[in-house]
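Note sheet for the following structure.
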Amino acid sequence: ASGAPEALWNNQTLAPQIKAVLDQGGIDVFGMTYHGDYPGLQGYLDWIGYALVNNPGIEIQIGIPWGSYPGSLTHEEYASGWRASHNGVWHDFIDTLRDIFPGTTILCNPYGTAGADLREAFGRGALPEVSSVIGSASSALHTDQLGHAGDILKELAQLTYFASLYGLDPTGLPYTPEGYTTDLKAMAKSIVSEHRVRFEGAAPVPAMSPWVAALLVSLLLLAGCGILQQRQRVLRGG
């Protein structure tokens, strides 16, 4: 709940840090999530309005996470309930924000779909890596009754988030989650492609050519080296 937009806006420590980044300008994408403790528009209105001041062309991405309390629901109840919420009231929520900010691109990042898709696959017996809904991170979808993610859900959710954030095909990435026979990269591509077609009126996520994948990895490595060098300077007092 502390990561909900309204909670962050009211956080006396974190809000100034986020605003300081936005104040610099040149920000391409601003992402937010959702938590039921803050169901209204206010936090989103505050942050989007603030972000637009120095970043007039910024793209907004908002994602709703997978469902809570997975152990209290059957496979079908869990997946269908999440889909009904996401496809209905959540996208109505997104559309409301688009009406309020008509000149701003506001997209839904469908990373929460990973929870529904994996639960359905487990219910069909098509997820050999998973032995239970709730249990250890290495062998379950969730680690507790609240619904925190097990390892496989984290992997699929991050691949889905990446594909949505950058509009790239995760199947072309040199990174492959280890220890899974299920093709999580293909699942992530399917989630994002179907979402783009259904809700954004856009073409499916295009395939990533090998040279684009290599370039992306190079850029990520360079960025990582820059962050490491900056951290080393900070640790040295420089």
Side-chain angles (χ1 to χ4, degrees), residues 3 21-22 24-34 47-48 51 55-66 82-83 86-87 90-91 94-95 97-98 101 103-118 120-121 127 129 149-228:
V21 176
L22 293 170
Q24 296 173 17
I27 305 300
D28 297 318
V29 182
F30 186 72
M32 290 177 279
T33 187
Y34 171 84
W47 280 116
I48 296 173
N55 308 274
I58 198 169
E59 176 184 295
I60 306 298
Q61 286 203 17
I62 308 172
I64 185 173
W66 50 86
W82 186 89
R83 294 191 194 284
H86 172 266
N87 299 349
W90 180 247
H91 273 275
I94 296 288
D95 287 339
L97 290 172
R98 289 169 173 167
F101 299 98
T104 301
T105 298
I106 301 177
L107 301 176
C108 171
N109 188 314
Y111 74 95
T113 311
D117 279 16
L118 287 173
E120 287 177 333
L127 211 59
E129 303 89 348
D151 293 342
I152 193 170
L153 178 49
K154 287 181 180 179
E155 291 284 4
L156 181 55
Q158 71 181 5
L159 286 166
T160 302
Y161 205 103
F162 171 88
S164 181
L165 186 64
Y166 292 103
L168 295 175
D169 176 7
T171 63
L173 289 175
Y175 168 77
T176 299
E178 296 182 357
Y180 302 100
T181 57
T182 301
D183 192 341
L184 297 179
K185 294 198 291 188
M187 288 184 69
K189 180 178 180 179
S190 177
I191 289 171
V192 177
S193 291
E194 291 178 8
H195 188 272
R196 282 167 60 90
V197 171
R198 180 170 184 179
F199 294 106
E200 310 298 345
V205 173
M208 186 190 299
S209 64
W211 72 267
V212 171
L215 176 61
L216 179 62
V217 171
S218 299
L219 292 173
L220 290 174
L221 287 173
L222 287 172
C225 290
I227 292 171
L228 178 60

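Just the heavy atoms: all of them, side chains too, but no hydrogens, waters or symmetry mates, feed the values below.
Taking Glu120 as the reference, Arg83 meet the side-chain hydrogen bond (donor to acceptor under 3.5 Å, both in side chains) condition, with sequence neighbours excluded. With sequence neighbours excluded, the residues that form a side-chain contact (heavy atoms from CB on, under 4.5 Å) with Ser190 are Glu194. Listed by chain and residue number, nothing satisfies the side-chain hydrogen bond (donor to acceptor under 3.5 Å, both in side chains) test with Asp183 (two or more places apart in sequence, or in another chain).
The aromatic ring centroids of Phe199 and His86 lie less than 6.0 Å from each other.
Remark: side-chain polar atoms of Lys185 are paired, donor with acceptor, to backbone N or O of Tyr175 under 3.5 angstrom. Between the side chain of Glu129 and the backbone N or O of Thr182, at least one donor-acceptor pair lies under 3.5 Å. For the pair Trp90 (side chain) and Gly63 (backbone), a donor-acceptor distance under 3.5 Å is absent.
Within the model, atoms CG of Leu156 and CG of Asp117 stand 7.0 Å from one another, a figure rounded to the nearest 0.5 Å. A distance of 9.0 Å separates NE2 in His91 from CD1 in Ile64, rounded to the nearest 0.5 Å.
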Query - Leu97/Ile62 under side chain to side chain contact (heavy atoms under 4.5 Å, CB included): CA gap, chis, key distance, verdict - result: CA-CA 11 Å; Leu97 290 172; Ile62 308 172; 3.5 Å; yes
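In this structure, Leu159 and Met187 have side chains that are not in contact, with every pair of non-hydrogen atoms separated by 4.5 Å or more.
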Hey, can you pull the donor-acceptor pairs under 3.5 Å for the side chains in residues 104-115, sequence neighbours left out?
| residue | atom | partner | partner atom | Å |
| --- | --- | --- | --- | --- |
| Asn109 | OD1 | Tyr111 | N | 3.3 |
| Asn109 | ND2 | Gln61 | OE1 | 3.0 |
| Tyr111 | OH | Thr33 | OG1 | 3.0 |
| Thr113 | OG1 | Pro110 | O | 2.9 |

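Across all non-hydrogen atoms, the minimal contact from Ala163 to Val192 is CB-CG2, 3.8 Å. Pairing each heavy atom of Pro65 with each of Trp82, the nearest pair is O-NE1, 2.8 Å.
The aromatic rings of Phe162 and Tyr166 are tilted relative to each other, their planes meeting at an angle between 30° and 60°. Classified by interplanar angle (parallel below 30°, tilted 30° to 60°, perpendicular above 60°), the ring pair Phe30/Trp47 is tilted.
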